[in-house]
Amino acid sequence: MTVTQDLFPSLDANAPPLRRLLRLRPDVLVAADGDDVELTHPWGRQRVHALGAATVARLALLSEQDTDADQLTDGPDAGRLLRLLERFPFLVTTVLADRDGDALATAVPIARSATLPADAPPDVPAHTPVVLSRFAYLRRLPEQNTGACVVESPLASYRVTLHQPSAGAFVAALTSLRTVAQAAAVAGLPVAAGEALAGLLAGTGLLETAAGADQATDPALWDFHDLLFHSRSRAGRHDYPSGGIFAHPDQPQLPAVPGAGPREDGPGVDLPVPDWAQVVSRDPSFSEVLEGRRSVRSYGDQPVTVDQLGELLYRAARVRRVIPGDPESPTAYDIVDRPYPAGGSTGELEVYLSVADCEGLEPGVYRYDAAAHRLQPRHWSGAADEAAFRELLTAAWRATNCTVEPQVLITVTSRFGRLSWKYSQIAYALTLKHVGVLYQTLYLVATAMGLGPCGLGSGDTDAAARALGLDWTSESSVGEFLIGSRPDGPAAVGRGFADVVAESREAVN
């Protein structure tokens with residue numbers, strides 16, 4: 001007997017066809033009211049009228065236990081129940097199981113767009129060549145689901161749980177084009193089981209036939225990770241708990257303002273606090289700044305000064321105040337108020353400077369203490385740290401198409417735990433939104449001050465972690481921004497609106 005037969009003994013060469021069991025999602029509530037029924041589910045609520053008492057009773061039973069799909073065609077109310085399930089396919093899970101009810105795979109709808117037929121997805125014939133979607137991925141479930149894994153895709157409106165190692169082996173076999181029979185042989189599954197499992201995977205959008213692989217269903221301009229990130233960080237294409245749900249009550253919230261980090265022994269550099277009246281009197285108008293904002297990739301002969309850096313950081317990134325949370329509330333946390341908007345006011349972004357050429361500052365790495373308005377040197381502990389510092393500056397130089405030697409590189413990091421303690425699914429997307437508004441704030445303040453700003457599109461996570469002395473899984477670089485002196489002087493602001501309105505209207509007309 002094979003290992004597969006030991007784990008799933010009824011799936012031997014002579015095993016009967018797999019059963020298809022249907023059940024409502026466990027979070028679907030069925031409230032009967034005579035011949036009517038109300039269905040409450042993650043995507044809303046529906047009331048269905050005049051079903052009949054027998055159909056209502058069978059529907060309620062379907063929310064409590066698995067039912068053979070074949071049994072749904074029995075009885076005088078079978079047609080009515082099937083039509084109801086076809087109307088709400090996004091509420092119905094489908095299980096492939098052996099005669100004893102031991103599950104091989106379960107298809108769970110995760111979006112309202114799920115459309116797997118309630119009666120059964122058709123089997124894929126054994127001779128059909130099939131291949132896994134290039135957007136599909138296999139992952140282990142948390143410990144409470146030991147022994148199971150899931151296959152998912154940002155393109156699929158279903159999640160398929162694989163309960164047996166043989167099912168995972170079948171999926172792995174289809175990372176290259178094979179017939180269903182060949183994949184079943186690799187996985188140690190009977191051909192009939194392979195046909196049913198291939199039908200379930202194809203019906204849920206996780207598998208492609210050779211004929212369908214050439215169709216225009218693959219979003220060619222998307223990379224796998226980008227599409228997955230997009231689909232999972234917004235509602236509509238998954239059923240995972242999302243938003244401010246405080247999913248980690250057993251973990252302490254990180255402090256609103258971080259303390260001294262590694263390699264920070266010694267005094268810091270207290271930055272001057274700008275005078276409000278002076279700033280307001282010399283700043284251009286908002287419209288002039290907004291219209292004059294540009295990415296500057298060349299610098300003046302004199303470098304930026306430490307006083308200018310201090311004013312920029314103060315106006316764009318300081319901590320204005322910390323509002324303590326209620327210590328009696330398990331979901332309360334300290335609110336951080338900064339010059340730029342941020343979801344939840346968690347204040348997870350931090351700023352580091354890699355200084356190459358700045359009047360009044362020694363070259364090196366500094367952490368900006370946004371509460372004390374101080375630069376805290378992060379001393380190198382060896383040649384490797386200094387080499388990582390050079391790597392960061394070189395990467396920034398390359399990001400400007402090798403046009404400018406950086407004066408000061410601002411590295412924006414995220415203390416992810418400040419967000420993920422409260423937010424689920426959207427935490428990383430949220431921190432990137434915050435990076436964007438910090439970029440714009442830096443651009444506008446630097447433009448008003450007559451400095452040369454330039455946001456960069458990418459950075460080296462590992463080099464930043466080494467140079468800044470960080471554990472990248474706890475606090476990692478998420479943005480890079482160059483600041484330098486402006487070659488054309490401080491008056492380079494907008495002198496009027498620029499647009500393509502007239503040309504666009506003329507082209508349309």
Report the residues that fulfil side-chain contact (heavy atoms from CB on, under 4.5 Å) with [X], sequence neighbours left out, ordered by chain and then residue number.
| X | result |
| --- | --- |
| D307 | P272, T305 |
| S485 | Y299, Q407 |
| D301 | none |
| N401 | T403 |

query: Residues two or more places apart in sequence or in another chain: which of them pass salt bridge (charged side-chain N to carboxylate O under 4.0 Å, His left out) with E391?
result: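 In terms of salt bridge (charged side-chain N to carboxylate O under 4.0 Å, His left out), with neighbours along the sequence ignored, E391 is linked to R466.
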
Return the set of residues passing side-chain hydrogen bond (donor to acceptor under 3.5 Å, both in side chains) with [X] (not counting sequence neighbours), or none when no residue passes.
| X | value |
| --- | --- |
| D462 | none |
| E405 | none |
| S285 | E288 |

- prompt: Parallel, tilted or perpendicular: which fits the ring planes of Y333 and F246, with parallel below 30° and perpendicular above 60°?
  reply: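 Rings of Y333 and F246: tilted, as their planes differ by 30° to 60°.
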
Set of ring-ring contact (aromatic ring centres under 6.0 Å, His included) partners for [X], sequence neighbours left out:
| X | result |
| --- | --- |
| H230 | W222 |
| Y314 | H373 |
| F389 | W380 |
| F229 | Y428 |

message: Any salt bridge linking R378 with D385? Criterion: basic side-chain nitrogen under 4.0 Å from a carboxylate oxygen.
response: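 No salt bridge links R378 with D385.
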
